[in-house]
Amino acid sequence: DVGDDTSIRALAAATRVLVTTVGPYVLYGNGVVAACADAGTDYVDLTGEPEFVNTTYARHHERARQTGARLVHSCGFDSVPHDLGTYFTVLHLPEDVPLRVRAVVRVSAAPSGGTLHSLLTGFARPRANYLAAQQRKAAQRGAGERTDRRARAVPGRPYRDDVGGGWAVPLPTIDPQVVARSARALPRYGPDFSYSHYLSVPHLYTAAGGALGMVTLGLLAQVPPARNALLRRLAPGEGPSPEKRARSWFTVTFVGEGGGRRVRTRVSGGDPCYDETAKMMAESALSLAFDDLPGTAGQVTTAAAMGDALLGRLQRAGMAFEVLDTDS
């Protein structure tokens with residue numbers, strides 16, 4: 001029971017790795033992270049909620065560093081394919097040079113009720129999202145997290161997609177922030193790293209319609225009766241049928257450049273919202289429990305915490321990480 005701190009703390013103290021899918025995390029997740037940080041227990045979730053990730057950093061990162069707990073958020077479709085796919089791409093580029101990576105996401109899948117509830121909850125909390133980001137920045141300054149290396153997420157502009165044949169438009173999810181945090185943590189990303197994140201759409205008017213839909217959802221989320229009506233359309237635990245999931249798929253195609261070299265890579269798999277996310281979450285937990293990993297603690301990303309070990313696990317579990325072509 002996430003409302004019973006005693007039971008949560010007893011559970012965290014009794015295990016090496018705790019996995020939670022109870023969301024929206026911003027409503028139900030803080031006590032679980034606090035318990036793991038205090039107990040020195042590794043933590044895994046599926047969140048794509050920036051407010052939650054920023055808040056848990058400000059509240060629990062330092063305590064987790066003291067106890068040795070690794071707090072690893074976003075171990076599902078948000079953000080494993082993008083984080084580890086960028087890591088995989090960087091490994092095929094020269095070292096110690098400025099690097100640029102862009103990723104283009106193509107996906108055919110239906111979301112879950114839990115995803116809808118997390119999305120609308122985030123839309124309903126714009127001020128809380130802003131304050132959480134500011135709290136994280138203040139906590140990072142207080143912890144002295146500085147480096148002479150630069151790593152950043154760059155929004156980018158729409159362009160003709162040479163992968164899907166349509167248009168690539170900026171995709172404002174949590175994934176670019178996760179990739180940038182991995183790049184700041186790992187010197188292999190070079191002295192100056194940038195990442196841009198895109199969604200492939202067939203036409204620009206498709207993108208415009210999607211953006212208008214997101215703005216409309218954001219406005220409706222500010223009105224409680226409208227928000228509640230939307231939430232009733234798909235309850236947590238509801239989602240696509242097994243037959244629909246069997247037809248679902250995703251690809252993320254990366255273009256990395258630096259040091260006079262260019263490489264194209266791809267991460268791909270089946271249904272991203274359930275089947276592949278289950279693999280990513282489970283293999284992340286198993287990796288933290290059993291693999292020989294770098295010495296990290298506090299809030300860390302999948303690439304920084306597990307890197308090569310998780311990459312190998314996901315490949316053995318059936319997710320494809322492949323080099324498409326290279327130019328020197």
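We use all heavy atoms of the structure for the numbers below, so side chains are in, but hydrogens, waters and symmetry mates are not.
- The side-chain heavy atoms of L171 and V105, taken from C-beta on, include a pair separated by under 4.5 Å.
- Between F77 and H82, the gap from one ring centroid to the other is short of 6.0 Å.
- Across every non-hydrogen atom of V154 and S194, the tightest pair is CG2-CB, 3.8 Å.
- No side-chain heavy atom of S268 sits less than 4.5 Å from a side-chain heavy atom of F321.
- Taking each heavy atom of A168 and D161 in turn, the nearest pair found is N-CB, 3.8 Å.
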Verdict with reasoning, T47 to S74, per side-chain hydrogen bond (donor to acceptor under 3.5 Å, both in side chains): CA-CA 5 Å; T47 189; S74 307; 5.8 Å; no

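- Between F193 and Y189, the two ring planes are perpendicular [angle over 60°; tilted spans 30° to 60°].
- Side-chain contact check for V179 versus H197: every heavy-atom pair is 4.5 Å or farther apart.
- From N54, atom CG reaches atom CD of Q177 across 8.5 Å, with rounding to the nearest 0.5 Å.
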Chi angles and distances behind the side chain to side chain contact (heavy atoms under 4.5 Å, CB included) call for D78, D175: CA-CA 6 Å; D78 285 327; D175 306 307; 3.0 Å; yes

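- Qualifying side-chain hydrogen bond (donor to acceptor under 3.5 Å, both in side chains) partners for D271, counting only residues two or more places apart in sequence or in other chains: none.
- Here the side chain of R70 pairs no donor or acceptor atom with the backbone of G295 at under 3.5 angstrom.
- Salt bridge annotation for R313-D291: present, with a cationic side-chain nitrogen under 4.0 angstrom from a carboxylate oxygen.
- Formation of a donor-acceptor pair under 3.5 Å by the N228 side chain with backbone atoms of P224 is found in this model.
- With sequence neighbours excluded, the residues forming a salt bridge (Lys or Arg N to Asp or Glu O under 4.0 Å) with R264 are D325, listed by chain and number.
- Residues T86 and S182 have side chains not in contact (no heavy-atom distance under 4.5 Å, counting atoms from C-beta outward).
- The pair D38-R63 meets the salt-bridge criterion, with a side-chain N (NZ, NE, NH1 or NH2) lying under 4.0 Å from an Asp/Glu carboxylate O.
- Within a 6.0 Å sphere centred on OH of Y28, heavy atoms belonging to other residues, nucleotides or ligands number 12 at most.
- Aromatic ring centres of F254 and F88: separated by at least 6.0 Å.
- Side-chain contact between E49 and V53: absent, with no pair of heavy atoms (C-beta onward) separated by less than 4.5 Å.
- In this structure the side chain of M280 never reaches within 4.5 angstrom of the side chain of T302, judged on heavy atoms.
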Distance-only check: which donor-acceptor pairs under 3.5 Å involve side-chain atoms of residues 19-27, not counting sequence neighbours?
from, atom 1, to, atom 2, distance (Å)
T20, OG1, V22, N, 3.2
Y25, OH, T20, O, 2.7
Y25, OH, L46, N, 3.1

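- Two residues are said to be in side-chain contact when any heavy atoms from C-beta on lie closer than 4.5 Å; P81 and F250 meet this criterion.
- Side chain of H61 to backbone of Q299: a donor-acceptor contact under 3.5 angstrom is found.
- By the side-chain hydrogen bond (donor to acceptor under 3.5 Å, both in side chains) test, Y130 is found to be paired with no residue, residues two or more places apart in sequence or in another chain being considered.
- Side-chain atoms of V72 and V300, non-hydrogen and from C-beta on, do get closer than 4.5 Å to each other.
- Applying salt bridge (charged side-chain N to carboxylate O under 4.0 Å, His left out) to D192 and the options R152, R184, R149 leaves one that passes, R152.
- In the model, S248 has no side-chain atom that pairs as donor or acceptor with a side-chain atom of S108 under 3.5 Å.
- A salt bridge does not link R266 with E322: every distance from a Lys NZ or Arg NE/NH1/NH2 to an Asp or Glu carboxylate oxygen is 4.0 Å or more.
- Under the salt bridge (Lys or Arg N to Asp or Glu O under 4.0 Å) criterion, R188 pairs with no residue at all, not counting sequence neighbours.
- In terms of the salt bridge (Lys or Arg N to Asp or Glu O under 4.0 Å) criterion, residue partners of D327 (sequence neighbours excluded) are, by chain and number, R262.
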